[in-house]
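Just so you know, these numbers use all the heavy atoms, side chains as well, and skip hydrogens, waters and symmetry mates.
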Amino acid sequence: LSRTDFMQAREMLQTLIERGIRHSLPYAWLAQWYVLNVNQGWSTDVPHDQGMAVSSAKRALDADASCSLALTFDGSVNLHFLKRLDTAQERYDEAVDANPNNSLGWLLKGTLHAFKGEGETAVGCTDRALSLSPLDPKRWYYNSLAAAACLAAGRHERARDLAAASLRANRQHTSTLRTLAAAQWQLGLRAEAHKTGQDLMALEPGLTVGKWLARHPGANSAVGRDIARVLKLVGVPE
């Protein structure tokens with residue numbers, strides 16, 4: 001998730017689209033690219049990126065309404081940008097029905113349940129995702145979202161271990177640091193949590209608790225409120 005490689009990925013997807021390849025996958029991945037760009041705190045124009053994600057997801061489904069990955073990333077757009085949790089759940093359910101081996105579908109479905117405070121269901125989904133793709137090149141991403149599911153389920157030690165494993169492979173994913181800080185705080189590891197907060201602010205210097213709450217789909221859940229409280233305690237400005 002280096003910023004240079006990430007930006008190049010968007011250019012490559014856009015090139016495929018401009019070549020007139022009428023396939024859902026470039027549009028689907030482009031939609032997810034915009035979700036990640038905003039969630040990483042890298043976007044310089046959030047409303048523009050949200051609009052691009054919505055339109056890209058729509059084009060992906062227009063090209064193939066039964067594409068499991070297109071359904072998955074449309075769920076991601078509905079979850080993160082439109083805050084339509086019910087629609088997102090429908091999309092994730094449709095995605096894994098269309099392809100029960102879609103590990104990303106199970107992973108993101110688990111994240112939705114975590115945001116809703118349904119911790120054990122979330123862990124069941126993310127564990128299935130981990131088992132479906134044990135050697136995934138984006139294992140750090142799977143571990144990160146599995147850690148968030150464990151946090152929602154109150155499995156703080158496993159959340160810490162999964163987040164730490166994710167960070168060993170990729171230290172650029174800010175969401176992982178937020179999960180790790182929350183897990184460390186719940187385990188009473190206050191000094192470690194403060195250090196994680198410093199690492200988070202170094203990667204995303206403009207972060208505030210208010211900004212995080214505004215963009216987080218689970219901000220109103222008990223889990224979201226707990227994370228916001230920890231972020232303040234570990235040094236993230238209000």
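- Within the 3.5 Å criterion, the main-chain N or O of Ala53 finds no donor-acceptor partner in the side chain of Ser56.
- A heavy-atom distance below 4.5 Å is found between the side chains of Val234 and Val230.
- Within a 6.0 Å radius of CZ in Arg59, other residues, nucleotides and ligands contribute 12 heavy atoms or fewer.
- Hydrophobic side-chain contacts under 4.5 Å tie Leu187 into a cluster, directly or through other members, with Leu189.
- With hydrophobic clusters built from ILVMFWY side chains whose heavy atoms lie under 4.5 angstrom apart, Met12 does not share a cluster with Leu16.
- For the pair Gln8 and Thr4, the minimum side-chain heavy-atom distance is 4.5 Å or more.
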Determine, stepwise, if the pair Ser76 / Tyr92 fulfils side-chain contact (heavy atoms from CB on, under 4.5 Å). CA-CA 9 Å; Ser76 185; Tyr92 292 144; 3.8 Å; yes
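- In summary, the side chains of Lys195 and Gln184 do not present any donor paired with an acceptor at a separation below 3.5 Å, with no hydrogens or angles considered.
- Side-chain contact of Ser103 with Tyr142: a donor-acceptor pair under 3.5 Å is present, judged by distance alone.
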Start with the C-alpha gap between Phe6 and Trp42, add the side-chain angles, then the distance that decides, and say whether side-chain contact (heavy atoms from CB on, under 4.5 Å) holds. CA-CA 10 Å; Phe6 185 69; Trp42 289 343; 3.5 Å; yes
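- Counting only heavy atoms from C-beta outward, the side chains of Tyr141 and His173 approach each other to under 4.5 Å.
- Side-chain atoms of Thr111 come within 3.5 Å of backbone atoms of Leu107 as a donor-acceptor pair (strictly under, hydrogens ignored).
- Hydrophobic side-chain contacts under 4.5 Å tie Val96 into a cluster, directly or through other members, with Trp106, Leu132.
- Residue Arg22 qualifies as open at atom CZ: its count of foreign heavy atoms under 6.0 Å is 12 or below.
- Taking each heavy atom of His113 and Cys125 in turn, the nearest pair found is CD2-SG, 4.1 Å.
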Check residues 145-160 and write down every donor-acceptor pair under 3.5 Å in which the side-chain atom is one partner and the other belongs to a residue at least two apart or another chain.
residue: Arg155; atom: NH2; partner: Glu120; partner atom: OE1; Å: 2.6
residue: Arg158; atom: NH1; partner: Asp127; partner atom: OD1; Å: 3.2
residue: Arg158; atom: NH2; partner: Asp127; partner atom: OD1; Å: 2.9

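- Between the side chains of Asn102 and Thr72, at least one donor N or O lies within less than 3.5 Å of an accepting N or O.
- Hydrophobic side-chain contacts under 4.5 Å tie Leu135 to no other Ile, Leu, Val, Met, Phe, Trp or Tyr residue.
- Proximity of a side-chain donor or acceptor of Ser166 to a complementary backbone N or O of Leu162 within less than 3.5 Å is not detected.
- Contact annotation: the side chain of Leu200 approaches that of Leu231 to within less than 4.5 Å [non-hydrogen atoms, C-beta and beyond].
- Other cluster members for Val54: Val35, Val38, Val46, Val77, Phe81, Leu82, joined by side-chain heavy-atom distances under 4.5 Å among Ile, Leu, Val, Met, Phe, Trp and Tyr.
- For the residue pair Ser24 and Cys67, the shortest heavy atom distance occurs at OG-SG, 3.3 Å.
- By the criterion of side-chain heavy atoms lying less than 4.5 angstrom apart, applied directly or through intervening Ile, Leu, Val, Met, Phe, Trp or Tyr residues, Leu25 is grouped together with Leu36 in one hydrophobic cluster.
- The side chain to side chain donor-acceptor pair (under 3.5 Å) test with Ser144 singles out one residue from Asn170, Thr176, Thr179, and that residue is Thr176.
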Start with the C-alpha gap between His80 and Phe115, add the side-chain angles, then the distance that decides, and say whether side-chain contact (heavy atoms from CB on, under 4.5 Å) holds. CA-CA 11 Å; His80 290 278; Phe115 290 164; 4.0 Å; yes
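- A single hydrophobic cluster is seen to contain both Trp29 and Trp140, as judged by linkage of ILVMFWY side chains at heavy-atom distances under 4.5 Å, directly or through other members.
- For the residue pair Gln172 and Ser2, no side-chain donor N or O sits within less than 3.5 Å of a side-chain acceptor on the partner.
- The pair Arg171-Asp199 meets the salt-bridge criterion, since a charged nitrogen lies less than 4.0 angstrom from a carboxylate oxygen.
- Residues satisfying the side chain to side chain contact (heavy atoms under 4.5 Å, CB included) test with Asn220, not counting sequence neighbours, are none.
- Counting heavy-atom neighbours within 6.0 Å of Glu18 CD, excluding the residue itself, gives a total above 12.
- Contact of the Thr208 side chain with the Glu238 side chain is not registered, since no non-hydrogen atoms from C-beta on lie closer than 4.5 Å.
- Counting heavy atoms from C-beta on, the side chains of Lys58 and Tyr27 never come closer than 4.5 Å.
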One pair to check against side-chain contact (heavy atoms from CB on, under 4.5 Å): Arg84 and Leu79. What are the steps and the verdict? CA-CA 6 Å; Arg84 297 173 179 166; Leu79 177 62; over 6 Å; no
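- In the hydrophobic clustering of this structure, Leu71 does not group with Leu112; members are Ile, Leu, Val, Met, Phe, Trp, Tyr whose side-chain heavy atoms approach within less than 4.5 Å, directly or through other members.
- No side-chain heavy atom of Phe73 sits less than 4.5 Å from a side-chain heavy atom of Arg91.
- In terms of modelled atom types and a separation under 3.5 Å, the side chain of Ser133 and the main chain of Leu130 share no donor-acceptor contact.
- Between Ala114 and Ala122, the closest heavy-atom pair is N-CB, 3.5 Å.
- Test Arg215, Lys211, Arg3 against Glu204 for salt bridge (Lys or Arg N to Asp or Glu O under 4.0 Å) and you get one pass: Arg215.
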